Amino acid sequence: MSAGLLELLLENSPTATEADLAATLRELTAAALGETADLLQDDDLQTALFLAYELRYSGLRGVDDAWEWHPEVLALCASIEPEFEKALRERALMPELPEPGVESVAAALFELTGSDTGPSVSRYLAKKATDEQAQEFLILRSIYQLKEADPHTWAIPRLRSRAKAALVEIQADEYGGGRFDRMHSELFARTMRGVGLDATNGHYVDVVPAITLASSNMMTMFGAHRRLRGAIAGHLAALEMTSSQPNRLYGNGFRRLGYNADVTFYFDEHVEADAVHEQIAARDLAGSLATDEPELLEDVFFGAAAGLYVDGLSGTQQLDAWTAGTSALRATETSSMPA
Amino acid sequence: MTEPDAQPAKRWDDQWEDRPAIGADEPVSITAYPNGPLLVRGTFEILTPTGEVIPPRRKTVALCRCGVSTLKPFCDGSHKAIGFKTEQEPPAPQPPLPT
Ligand code: FES
């Protein structure tokens with residue numbers, strides 16, 4: 001059905017066939033949702049949602065920007081999102097909820113992220129990864145990192161008061177304090193180019209597994225729905241709180257493989273940056289939000305737990321592939337991705 | 001087009017009486033984050049013991065106070081691995097100064 005979506009999107013001028021294509025797409029989406037064994041691992045559904053969401057970021061090559069707000073595209077998102085959210089709510093491991101309060105929420109978030117015993121892609125990268133595996137790691141990361149910070153930025157106009165100011169403080173740093181060459185997405189592109197990869201947005205979408213797209217789609221869904229502003233705040237907190245030390249190890253891994261500071265700067269920068277961000281995210285963002293709007297407390301922890309769950313799953317799949325001597329990328333089919 | 005007003009425009013910080021007057025430096029703020037680093041905001045310089053400026057990488061920095069960071073003087077998140085615990089902040093109030 002993601003092919004059906006593309007067919008509709010590429011039908012740039014409204015014609016008689018548009019209605020037919022749209023009707024077909026609705027049927028295909030319903031069928032795909034009915035048949036899927038696991039929405040988080042479904043290449044077709046995650047690709048469709050990713051394409052629809054990409055219209056809200058950089059757009060798709062050859063597709064009219066007006067499709068972003070077209071009712072058919074919104075309907076497609078609205079049919080996949082509830083199932084996606086339901087799957088995440090069922091599977092994310094929720095901790096016991098603390099009282100709403102800056103101290104209690106920050107402490108519970110540090111506890112949750114600290115007890116995350118997920119697989120360690122970072123340790124593998126530091127010690128064992130081959131050059132090819134290190135490149136695969138960058139390809140998988142590129143789906144989110146080339147638009148690093150953007151999904152959480154949706155939340156800025158949806159927050160008020162201390163939580164908004166805290167998010168702005170973090171995001172300003174993510175965007176290099178206003179310096180283009182220091183934007184984290186730009187630093188990641190430099191790392192990719194430094195190892196000989198293509199840093200064009202979307203270049204590797206076809207070769208990453210569904211769970212990698214699901215990780216990005218989850219952030220967009222949390223960020224783009226005001227109702228889920230608690231979840232996007234919790235997601236960012238968990239992301240920042242599990243980042244400093246892994247980035248140190250990633251940097252060490254690329255140094256071990258012989259790459260210079262041009263390649264490792266991105267990781268080294270994140271060790272220092274995320275040690276700042278995690279404090280602000282846990283207390284001033286998530287803690288303040290849960291204090292000011294206690295009805296969002298549960299979603300703050302849902303966002304954090306869902307992020308840890310999906311990224312843990314993705315990490316396990318990578319390590320399983322690498323330790324079995326196979327590729328962590330998806331077997332390539334004929335390319336259907338225009339952007 | 002109207003003539004430019006001879007009266008100079010007001011700077012934003014004229015409007016807040018508890019803010020420093022024009023030309024005065026914004027005070028630097030240092031916030032102790034429980035069980036973690038000190039976050040420093042404002043206009044400041046960090047110097048090495050021999051007086052060289054450590055070039056700032058960002059507006060808000062986190063200074064290590066657990067002693068184990070590999071990036072000192074900055075925090076690198078290592079305090080979590082050693083279970084660093086701070087006293088309740090802020091410290092107990094001091095007796096008031098005689099007036
Ligand atoms: S306070 Fe964070 S590493 Fe020391």
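Below, all heavy atoms of this structure are taken into account, side chains as well, without hydrogens, waters or symmetry copies. In what follows, chains are A, B, ... by sequence order, proteins preceding strands, each numbered from 1. Here the structure is a predicted model, which is why all the values come from computation and not from measurement.
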Notebook entry, point to check: What do you reckon, is CG of A:Leu93 surrounded by more than 12 foreign heavy atoms closer than 6.0 Å?
Noted result: no
Item checked: Proximity breakdown for A:Ala106 and chain B, heavy-atom pairs closer than 4.5 Å -> neither
Next item on the list: Answer whether the closest heavy-atom distance between the side chains of B:Arg57 and A:Arg182 falls below 4.5 Å.
Entry: yes
Check: Would you say B:Lys59 has more than 12 foreign heavy atoms packed within less than 6.0 Å of its NZ?
Finding: no
Next item on the list: Considering non-hydrogen atoms only, spot the tightest contact between B:Cys75 and A:Ala275 and give its length.
Entry: O-CB, 3.3 Å
Item checked: Atom pair NE2 (A:His277) and CZ (B:Arg58), whose distance is rounded to the nearest 0.5 Å -> 5.5 Å
Notebook entry, point to check: Given a strict heavy-atom distance threshold of 4.5 Å, which part of B:Thr70 is in contact with chain A: side chain, backbone, both, or neither?
Noted result: side chain
Next item on the list: Mind ranking A:Arg179, A:Glu103, A:Gln245, A:Gln279 by heavy-atom pairs under 4.5 Å with chain B and telling me who comes out on top?
Entry: A:Gln279
Check: Of all heavy-atom pairs between B:Gly77 and A:Ser244, which one has the smallest distance, and what is that distance?
Finding: CA-CB, 4.5 Å
Check: What do you reckon, is NZ of A:Lys127 surrounded by more than 12 foreign heavy atoms closer than 6.0 Å?
Finding: no
Checklist line | Heavy atoms of other groups near A:Glu186 CD, more than 12 under 6.0 Å | finding: yes
Checklist line | B:Lys80 side, atom NZ; A:Met241 side, atom CE - distance, nearest 0.5 Å | finding: 6.5 Å
Next item on the list: Sort out for me which of A:Asp173, A:Asp268, A:Val271 touches chain B most, counting heavy-atom pairs under 4.5 Å.
Entry: A:Asp173
Notebook entry, point to check: With only heavy atoms counted, which part of A:Glu278 is less than 4.5 Å from chain B, the side chain, the backbone, both or neither?
Noted result: side chain
Notebook entry, point to check: To the nearest 0.5 Å, what is the distance between CG (A:Asp284) and CG (B:Leu39)?
Noted result: 8.0 Å
